[in-house]
Chemist: 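Before we start, here is the structure in question, set down as structure tokens.
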Amino acid sequence: GIQVEQSPPDLILQEGANSTLRCNFSDSVNNLQWFHQNPWGQLINLFYIPSGTKQNGRLSATTVATERYSLLYISSSQTTDSGVYFCAVDIQGAQKLVFGQGTRLTINP
Amino acid sequence: DAMVIQNPRYQVTQFGKPVTLSCSQTLNHNVMYWYQQKSSQAPKLLFHYYDKDFNNEADTPDNFQSRRPNTSFCFLDIRSPGLGDAAMYLCATNRGAGGLFFGEGSRLTVL
């Protein structure tokens, strides 16, 4: 099956810093999503980004489908950005998301 | 406004005592999913419905069943919960071009 690898597994930063999270996947995908899991466990949909670049406030994402990777950028980090960030891809267009293992981001005040 | 609603948010049960978790959606999406997420792990798909068509993942234990009586509701039944079934259970619907949209989750504790 498709493999989804995220890096780094853990990232600790000071408030105000910028960060880049990476997602590599092993096969062609139809869709890719980035999620933030908040402390209560809910998965918040950040981006639906099978290709190209999108921006939403301090967050932006880029997917290069031909090279099988996606990047999530967080600028001017805030403590509320802490949590686990998941990349997930669908296989064979079935919208059955396969998740990476996540990046745990900790933003210290 | 919440569009995917899961109940209960927290469920405590005893070993072997059946549990039902519910999920409702106001989006009228035809695809609904149940994921299981154990502590410090990624969510893992248990099964999904495309309309009434049920699709079970090959490694989903028989202890887990699901029902979808109509478009809006989907239930997860755990017939005989074991300690290893303690997890967060996440329901999602398919937004099409917007991808999957998740509810807040139901956290199950097994004593």
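Hydrogens, waters and symmetry mates play no part in the numbers below; they use all other heavy atoms, side chains included. Per chain, numbering begins at 1; letters A, B, ... match sequence-line order.
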Chemist: For the pair B/Phe75 and B/Phe73, name the ring-plane relationship: parallel under 30°, tilted 30 to 60°, perpendicular over 60°.
Modeler: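 The rings of B/Phe75 and B/Phe73 lie parallel, inter-plane angle below 30°.
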
Chemist: Does B/Phe64 have its ring centroid less than 6.0 Å away from the ring centroid of B/Phe47?
Modeler: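 Ring-ring flag for B/Phe64/B/Phe47: false, centres at least 6.0 Å apart.
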
Chemist: Apply the ring-ring contact (aromatic ring centres under 6.0 Å, His included) test between A/Phe35 and each candidate in A/Phe86, A/Phe99, A/Tyr85; give the one that qualifies.
Modeler: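 Output: one option passes, namely A/Phe99.
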
Chemist: With respect to chain A, which residue among B/Ala92, B/Gly105, B/Gly103 yields the maximal number of heavy-atom pairs within a distance under 4.5 Å?
Modeler: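 Option with the top pair count is B/Gly103.
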
Chemist: Output the option from B/Arg107, B/Gln37, B/Gln41, B/Met88 having the highest count of non-hydrogen pairs under 4.5 Å with chain A.
Modeler: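 Ranked by heavy-atom pairs under 4.5 Å with chain A, first place is B/Gln37.
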
Chemist: Checking A/Arg22 against A/Tyr69: charged group under 6.0 Å from the ring centre and within 45 degrees of the axis?
Modeler: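 Satisfied, under 6.0 Å and within 45°.
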
Chemist: Which bit of B/Gln6 comes within less than 4.5 Å of chain A, counting heavy atoms only: side chain, backbone, both or neither?
Modeler: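 Contact with chain A involves no heavy atom of B/Gln6 at all.
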
Chemist: Heavy-atom distance under 4.5 Å to chain B: side chain of A/Phe47, backbone, both or neither?
Modeler: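 It is neither, since no heavy atom gets under 4.5 Å.
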
